[in-house]
Amino acid sequence: MAPEKPIKKIIIVGAGPAGLLLGILLAKQGINITILEANTDLDKNPRAAHYASIAIREMRRAGVLEDVQKEGYIPEGVCWREFDGTYIAGIKAHVDDPDVMVCLPLDKLLRLYCRHFQKESTGELLWQHKVVGIEQDEGEARVICETPEGTKTLGADYVLGCDGANSQIRKSLFGKEYPGETLHSQIIATNVYYDFHKFGYWDSNFIVHPEDWYMAAKITPDGMWRVTYGDKTGLSTKEYLERQPMRYEKLLPGNPKPGDYKLMNASPYKLQQRCAPSFRVGRFILVADAAHLCNPFGGMGLTGGFADITSLYDCLMAMQNGLTTDKILDKYSEIRIQKWAEIIDPVSRGNFRRLWDEDAIPDRLAFFEMCKKMETDEELQKGGAAFLDALNEDFSKYYTKPEVNGTNGTSSHSSKPVNGVVGVEHVAK
Ligand SMILES: Cc1cc2nc3c(=O)[nH]c(=O)nc-3n(C[C@H](O)[C@H](O)[C@H](O)COP(=O)(O)OP(=O)(O)OC[C@H]3O[C@@H](n4cnc5c(N)ncnc54)[C@H](O)[C@@H]3O)c2cc1C
Ligand SMILES: *[C@@H]1O[C@H](CO)[C@@H](O)[C@H](O)[C@H]1NC(C)=O
Ligand SMILES: *[C@@H]1O[C@H](CO)[C@@H](O)[C@H](O)[C@H]1NC(C)=O
């Protein structure tokens, strides 16, 4: 008889882009997956829309890429402009590259993921299951959730905290503090029908200016655009929404008045650079926004989340196939934190500062110079395209074999609590 698989059941908290994609990948491997979602439906806010090469490869592995490409579209490229619209520099997409960026608003992507997840016989999605507490012991991780039928406790081999920036799993493990900082800037993310192409704009544009910087990117084939602009800090949501027509008229090409465009959505956001102290405590694992945050300029946010998914899926499958013990999950935490500190945090800060910071002018000029060189230099183009690959890691070099003289040599379940942690009381000081 084949040795028993070490992972039989996983609970995923949160039906966002991270939770659903992991759910699809793991359910396809015959692992029983329960996704718990606090809300009654998928999130509809204007958020991520652009998925870079490493995300595309993970979508392919999950078998969803074809549908994503069918529903989304491939932007022609990204460029930077002066406030008056003058082109500065740009990077054209390689449309024949199989991993080329695809654009699809997050709410549409979530619906597509959900359809795929619900086709898996080993997957179930429970709405209105809000996790409010956790506990764990040697054999099991458990979540306590509030449901319309009352409080329930559900257990599994592992619990993946994919519950976003305000993650309850992270708070239960480490307390309210999410180490890092809130940037002293306010952004307003809007969705709007307005014809930027008429003004010579590309599919994605960053406008560089000390105060009136913004981003305008076409996010649907039928011409809906995401416009994300800055505003002064310290106002209420109501005040930001009242200022939106005035900001549009000042910023956008053609100085449009409300009748000239169709506004679909507007939400003010704060920009955060944060990272949890560890992405693993025993049988609890943090993924994507629950584990780290960065500002959305340059799309490092969910891109970093996709890299977590790639790493975690590789690690869990190596455990499942008897190639390593669960010590690999400590490596997942260590490497993902390192990637955040060395790449995601500095690159996302640089992407943002490039738009407005006078102190970043030398960096800005060097960056535009590089873009210009890339237009003709194929080697440089390849280097640019491969840049994000540094977010991934080959975990096979960290595999550890179970101790052969132990009581259960075939199981990769550590018989000892990790870091001496058994119950949450020990960590949530
Ligand atoms: C304005 C804006 C623009 C962005 N643009 C981009 C972009 O262009 N490209 C990019 O890569 N990224 C972008 N991002 C970032 C991206 O949207 C996030 O990184 C991504 O949504 C995070 O996914 P997630 O699955 O980790 O969390 P979330 O999307 O936040 O999902 C978490 C889910 O968990 C549920 N949940 C929360 N708490 C509980 C609980 N206690 N119990 C049960 N369920 C719970 C929530 O209801 C939610 O459904 C943008 C973000 C913003 C704010
Ligand atoms: C998944 O759950 C079903 C129903 O409870 C059970 O019959 C099956 O054995 C489980 N699969 C695994 C891999 O544990
Ligand atoms: C079992 O392994 C431990 C180290 O993990 C070692 O100290 C011990 O001597 C080993 N026992 C036998 C019987 O090999």
Side-chain angles (χ1 to χ4, degrees), residues 4-23 26-27 29-52 54-55 101 103-107 109-110 113-114 121-134 143-147 156-157 160-172 187-191 204 215 217 219 226-228 265-272 286-309 320 344 348 388:
E4 234 185 80
K5 296 285 186 191
I7 307 170
K8 297 192 184 62
K9 172 161 184 160
I10 289 180
I11 289 174
I12 296 175
V13 185
L20 284 168
L21 189 58
L22 270 168
L26 294 166
Q29 297 299 326
I31 298 173
N32 279 340
I33 302 294
T34 300
I35 300 183
L36 306 175
E37 169 55 50
N39 286 326
T40 51
D41 199 358
L42 301 165
D43 191 285
K44 290 191 187 67
N45 284 311
R47 299 204 294 168
H50 294 85
Y51 312 103
I54 64 172
M101 173 176 281
C103 181
L104 178 68
L106 189 60
D107 56 324
L109 181 73
L110 291 179
Y113 278 177
C114 204
S121 59
T122 51
E124 63 172 346
L125 201 168
L126 304 178
W127 302 104
Q128 291 181 280
H129 278 60
K130 182 182 181 194
V131 172
V132 293
I134 64 172
V143 291
I144 297 131
C145 33
E146 284 172 358
T147 78
D157 295 315
L160 312 185
C162 301
D163 47 347
N166 294 314
S167 169
Q168 181 60 50
I169 302 295
R170 188 191 64 245
K171 287 179 190 161
S172 296
I187 63 163
I188 322 297
T190 64
N191 285 351
S204 297
M215 185 215 68
I219 55 173
R226 163 73 40 79
V227 175
T228 302
N265 219 319
S267 350
Y269 281 105
K270 289 251 185 297
L271 302 179
Q272 321 240 30
L286 296 177
V287 185
D289 277 18
H292 49 82
L293 293 177
C294 70
N295 77 77
F297 290 89
M300 292 301 278
L302 194 48
T303 305
F306 273 104
D308 291 350
I309 293 171
Q320 192 69 334
I344 295 171
S348 62
L388 286 176

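Both ligands and their constituent atoms are indexed starting at 1 by order of listing. Values below: all heavy atoms of this structure, side chains included; hydrogens, waters and symmetry mates excluded. Counting from 1, the numbers follow the sequence of the chain as shown.
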Distance-only N or O hit between ligand 1 and Ala189, under 3.5 Å: no
In Å and rounded to the nearest 0.5 Å, what is the CG to CD1 distance from Leu160 to Ile12? 5.0 Å
Hey, does Ala165 come in under 3.5 Å of ligand 1, counting only N/O atoms on both sides? no
Does the protein come close to atom 7 (O) of ligand 2 - that is, does one of its heavy atoms sit below 4.0 Å from that atom? no
Does any N/O atom on Lys130 come nearer than 3.5 Å to any N/O atom on ligand 1? no
Arg47 side-chain N/O to Asp107 backbone N/O, donor-acceptor pair under 3.5 Å: no
Out of Glu37, Gln168, Arg226, whose heavy atom is nearest to atom 35 (C) of ligand 1? Glu37
Among protein heavy atoms, which sits nearest to atom 13 (C) of ligand 2, and what does the distance come to when rounded to 0.1 Å? Gly30 O, 3.6 Å
Gln128 and Thr147: side chain donor to acceptor below 3.5 Å: no
Test your reading of the model: is there a side-chain donor-acceptor pair from Thr122 to the backbone of Ala27, 3.5 Å cut-off? yes
If we number the atoms of ligand 1 from 1 as shown, the ones under 4.0 Å from a heavy atom of Ala49 are 7 (C), 8 (O)
Donor-acceptor contact below 3.5 Å, side chain Asp163 vs main chain Gly14: no
Return yes or no for this condition: an N or O of Val131 is under 3.5 Å from an N or O of ligand 1. yes
Near Asn39, which atoms of ligand 1 are under 4.0 Å from a heavy atom of that residue? 47 (O)
Ligand-side contact atoms (ligand 1) for residue partner Val13, heavy atom cut-off under 4.0 Å: 42 (N), 43 (C)
Shortest protein heavy-atom distance from atom 9 (O) of ligand 2, along with the residue and atom involved: Asn32 ND2, 4.9 Å
Just to confirm my output: which protein heavy-atom neighbour is closest to atom 7 (C) of ligand 1, and how far is it? Ala48 CA, 3.4 Å
At under 4.0 Å between heavy atoms, which part of Ala18 makes contact with ligand 1: side chain, backbone, both or neither? both
Does the protein come close to atom 2 (O) of ligand 2 - that is, does one of its heavy atoms sit below 4.0 Å from that atom? yes
Enumerated ligand 1 atoms positioned under 4.0 Å from heavy atoms of Leu36: 43 (C), 44 (N)
Which of the atoms of ligand 1 are close to Cys162, meaning less than 4.0 Å from one of its heavy atoms? 32 (C), 33 (C), 34 (O)
Should Gly305 be listed as contacting ligand 1, given a heavy-atom distance under 4.0 Å as the test? no
Do Gln168 and Ser172 make a side-chain contact, defined as non-hydrogen atoms from C-beta onward lying under 4.5 Å apart? yes
Looking at Leu106, which atoms of ligand 1 are within less than 4.0 Å of one of its heavy atoms? 21 (O)
Is it the case that the side chain of Gln320 and the backbone of Ile7 share a donor-acceptor pair, with hydrogens and angles ignored and the cut-off at 3.5 Å? yes
If we only consider heavy atoms of His129, is any one of them less than 4.0 Å away from an atom in ligand 1? yes
Students should be able to answer this: which protein heavy-atom is nearest to atom 19 (O) of ligand 1, and at what distance? Asp289 OD1, 2.8 Å
Does Asp43 reach ligand 1, in the sense of a heavy atom lying below 4.0 Å from it? no
Once rounded to the nearest 0.5 Å, what's the spacing between atom CG of Leu388 and atom CD1 of Ile54? 5.5 Å
Flag Arg47 as yes when one of its N or O atoms lies below 3.5 Å from any N or O atom of ligand 1, and as no otherwise. yes
Can you check whether Ala189's main-chain N or O pairs, donor with acceptor, with Tyr269's side chain at less than 3.5 Å? no
Under 4.0 Å from any heavy atom of Gly164, which atoms of ligand 1 are there? 27 (O), 30 (O), 32 (C)
Are any of the N or O atoms of Leu302 closer than 3.5 Å to those of ligand 1? yes
Arg226 side chain vs Ile219 backbone, donor-acceptor pair below 3.5 Å: no
At a 4.0 Å threshold, what atoms of ligand 1 neighbour a non-hydrogen atom of Pro296? 3 (C), 4 (C), 5 (N), 50 (C)
What's the spacing between Asn32 CG and Ser121 OG if we round to 0.5 Å? 8.5 Å
To the nearest 0.5 angstrom, please state how far the CD1 atom of Ile187 sits from the CG atom of Leu271. 4.5 Å
For atom 14 (O) of ligand 2, grab the closest protein heavy atom and report residue, atom and distance to one decimal in Å. Lys8 CB, 3.5 Å
Report yes if some N/O of Tyr269 lies less than 3.5 Å from some N/O of ligand 1; otherwise report no. no
Within the distance-only criterion (no hydrogens, no angle test), does the side chain of Asp157 pair as donor or acceptor with the backbone N or O of Ile10 below 3.5 angstrom? no
Is it true that a side-chain atom of Ser348 and a backbone atom of Asn295 form a donor plus acceptor pair closer than 3.5 Å? no
Got a donor-acceptor contact below 3.5 angstrom from the Gln272 side chain to the Leu293 backbone? no
